[in-house]
Asker: 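I'd like to ask some things about the structure below.
In this chain, numbering begins with 1 at the start of the sequence shown.
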Amino acid sequence: MDRTAKEAHVWGIFQEISHGYDRANTRISLGLHWRWKRMMTSRLIKYLPAGSEVLDVCCGTGDIALEIAGKRQDVQVTGLDFSTAMLEEAERRRKGLQNVDFLQGNALELPVRDGRFEAACVSFGLRNTADYGQAVRELKRAVRPGGVVYCLDSFVPEGRLVRPFYRLYFRRIMPRLGGGRDHAASYRWLYDSTEQFLRCEELEALFRTEGLEEVRSERRMFGACAMVWGRVPVERTASGK
């Protein structure tokens, strides 16, 4: 599937499933997705200096952006997604928070200036982009030197004994549990996109290839969920200082 076709396909899916998306995620992850997302937000929140800006790409219904904005009202958060239906859900959930804005845009062509943000993150969204490398480059471009890029996503589990049970659940049970009879096909795409996605170590390698430093990862649920992060390099002088 080429870039244009994949973007159109994914856009249509998220336009369709925006209503009830969070409840579906809670069902299909048995509530664990909140714990996994807080693994990332807690790290971000501790790292951010007062007055900084944060970018949440593929923000969906805004749960990550709103979590950060609610716990750190001394920072400004921008949530970006290309699905207008998802952004409408995010706006409904704002509940008066003034330090968060939502912006429509493409993860492969972020409508933001270079180095604007202290940190950028993408949660369960990178695998749905049409060009993983371009998405990482754009995240890096948006973050100032010395800032951090985070990615939280789904992966095929590492253990051979776990994989058959994982595939049985996500191929056969998850689409019905998440989407019911009407939207099962849309949720089956979420399984397909994970199968087609990079492995965790490959994503770490991509971060390094795109010039991020100090790349690390933290894995959960036998590797079915992992967070990868890296730092945007600081330019060094000719003397190395």
Side-chain angles (χ1 to χ4, degrees), residues 6-7 10 14 25 29 32-48 53-68 77-83 86 105-110 112 115-158 190 193-233:
K6 183 173 181 179
E7 287 183 343
V10 173
F14 284 101
N25 278 341
S29 72
L32 291 173
H33 76 112
W34 297 113
R35 185 179 299 177
W36 297 334
K37 288 173 179 176
R38 288 187 182 113
M39 173 175 68
M40 184 172 71
T41 57
S42 62
R43 188 180 295 272
L44 264 166
I45 287 166
K46 289 179 183 178
Y47 167 77
L48 293 171
E53 293 191 62
V54 186
L55 176 64
D56 177 23
V57 175
C58 303
C59 70
T61 59
D63 50 358
I64 293 287
L66 293 168
E67 173 87 2
I68 297 170
V77 185
T78 299
L80 178 140
D81 203 279
F82 76 156
S83 168
M86 285 287 190
N106 192 321
L108 305 186
E109 300 173 3
L110 295 175
V112 300
R116 171 180 167 183
F117 297 93
E118 186 75 25
C121 63
V122 54
S123 171
F124 300 106
L126 182 62
R127 72 182 189 278
N128 291 317
T129 66
D131 187 330
Y132 309 140
Q134 176 63 17
V136 172
R137 285 192 291 276
E138 281 292 276
L139 288 164
K140 178 189 170 190
R141 179 185 67 78
V143 174
R144 70 162 184 82
V148 183
V149 173
Y150 296 86
C151 175
L152 179 71
D153 221 315
S154 299
F155 298 86
V156 174
E158 301 156 351
L190 301 181
S193 66
T194 300
E195 284 285 326
Q196 297 161 13
F197 192 38
L198 305 172
R199 300 304 182 248
C200 185
E201 59 272 15
E202 292 174 329
L203 182 56
E204 292 180 52
L206 178 62
F207 268 43
R208 295 188 182 99
T209 297
E210 297 303 338
L212 292 163
E213 299 178 340
E214 301 175 34
V215 176
R216 300 286 186 275
S217 68
E218 192 169 336
R219 309 182 192 197
R220 294 288 187 272
M221 202 70 176
F222 305 102
C225 174
M227 178 175 69
V228 176
W229 68 95
R231 191 174 299 279
V232 177

Asker: To the nearest 0.5 Å, tell me how far L139 CG sits from L110 CG.
Answerer: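 Result: 6.0 Å between the selected atoms.
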
Asker: Say whether, by atom type as modelled, one donor and one acceptor occur between the side chain of R231 and the main chain of G146 under 3.5 angstrom.
Answerer: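 Answer holds: yes.
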
Asker: Quick check: does any side chain N or O of R141 sit under 3.5 Å from a backbone N or O of V112, one acting as donor and the other as acceptor?
Answerer: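 A pair under 3.5 Å: yes.
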
Asker: With a 3.5 Å distance limit and no angle check, can you tell me whether K37 reaches the backbone of D63 through a side-chain donor-acceptor pair?
Answerer: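 No, the answer is negative, given that no donor and acceptor are paired below the 3.5 Å cut-off.
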
Asker: Between G211 and K140, which heavy-atom pair has the shortest distance, and what is it?
Answerer: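 So the two residues come closest at CA-NZ, 3.7 Å.
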
Asker: I'd like to know if the side chain of E118 reaches the main chain of L48, judged simply by a donor and an acceptor atom lying under 3.5 Å from each other, with no hydrogens or angles considered.
Answerer: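 A pair under 3.5 Å: no.
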
Asker: Could you point out which residue of V228, V149, V148 forms a side-chain contact (heavy atoms from CB on, under 4.5 Å) with L212?
Answerer: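 Of V228, V149, V148, side-chain contact (heavy atoms from CB on, under 4.5 Å) with L212 is met by V149 alone.
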
Asker: Search all heavy atoms of G79 against all heavy atoms of A65 and return the closest pair with its distance.
Answerer: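 That would be CA-CB, 4.4 Å.
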
Asker: Any side-chain heavy atom of F124 sitting closer than 4.5 Å to one from C225?
Answerer: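 In short, these two side chains touch, coming nearer than 4.5 Å.
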
Asker: Taking all non-hydrogen atoms of both residues, which atom of A107 and which atom of E138 are closest, and how far apart?
Answerer: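 Looking at all heavy atoms of both residues, the shortest contact is O-CB, 3.6 Å.
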
Asker: I need the minimum non-hydrogen distance between G223 and F155, along with the two atoms involved.
Answerer: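 Here G223 and F155 meet closest at O-CB, 3.4 Å.
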
Asker: Evaluate L206 against E210 for side chain to side chain contact (heavy atoms under 4.5 Å, CB included), listing each step before the verdict.
Answerer: CA-CA 6 Å; L206 178 62; E210 297 303 338; 3.9 Å; yes

Asker: Is the backbone of A142 close enough, under 3.5 Å, to the side chain of R144 for a donor and an acceptor to pair up by distance?
Answerer: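 It does not hold such a pair.
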
Asker: So that I can tick it off, tell me whether R219 and E204 are bridged by a salt bridge, with the cut-off set at under 4.0 angstrom between side-chain N and carboxylate O.
Answerer: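 Yes, this pair counts.
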
Asker: When rounded to the nearest 0.5 angstrom, what is the spacing between OH in Y150 and OH in Y47?
Answerer: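 Reported to 0.5 Å precision, the distance equals 6.5 Å.
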
Asker: How close do M39 and L152 get, heavy atom to heavy atom, and via which atoms?
Answerer: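 Of all heavy-atom pairs spanning M39 and L152, the closest is CE-CD1, 3.7 Å.
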
Asker: According to the interplanar angle, ranging from 0 to 90°, do the rings of Y132 and F197 count as parallel (below 30°), tilted (30 to 60°) or perpendicular (above 60°)?
Answerer: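 Rings of Y132 and F197: perpendicular, as their planes differ by over 60°.
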
Asker: Rounded to the nearest 0.5 Å, what separation is found between the CD1 atom of I45 and the CD atom of E67?
Answerer: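 I45 CD1 to E67 CD: 5.5 Å, rounded to 0.5 Å.
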
Asker: Could you give the distance from CG (L198) to SG (C151), rounded to the nearest 0.5 Å?
Answerer: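 L198 CG to C151 SG: 9.0 Å, rounded to 0.5 Å.
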
Asker: Please round to the nearest 0.5 Å and tell me the distance separating atom CG of D56 and atom CG of L44.
Answerer: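 Between D56 CG and L44 CG, I get 9.0 Å after rounding to 0.5 Å.
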
Asker: In Å and rounded to the nearest 0.5 Å, what is the CG to OG1 distance from D153 to T194?
Answerer: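 It is 6.5 Å, given to the nearest 0.5 Å.
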
Asker: Charged N to carboxylate O below 4.0 Å: is that the case for E218 and R220?
Answerer: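 Salt bridge flag = yes for R220 with E218.
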
Asker: Which atoms form the tightest heavy-atom contact between A135 and T129, and what is the distance?
Answerer: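 Looking at all heavy atoms of both residues, the closest pair is CB-OG1, 4.1 Å.
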
Asker: Do the side chain of D81 and the main chain of M86 share a donor and acceptor less than 3.5 angstrom apart?
Answerer: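 Pair absent, no side-chain N/O of D81 close to backbone of M86.
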
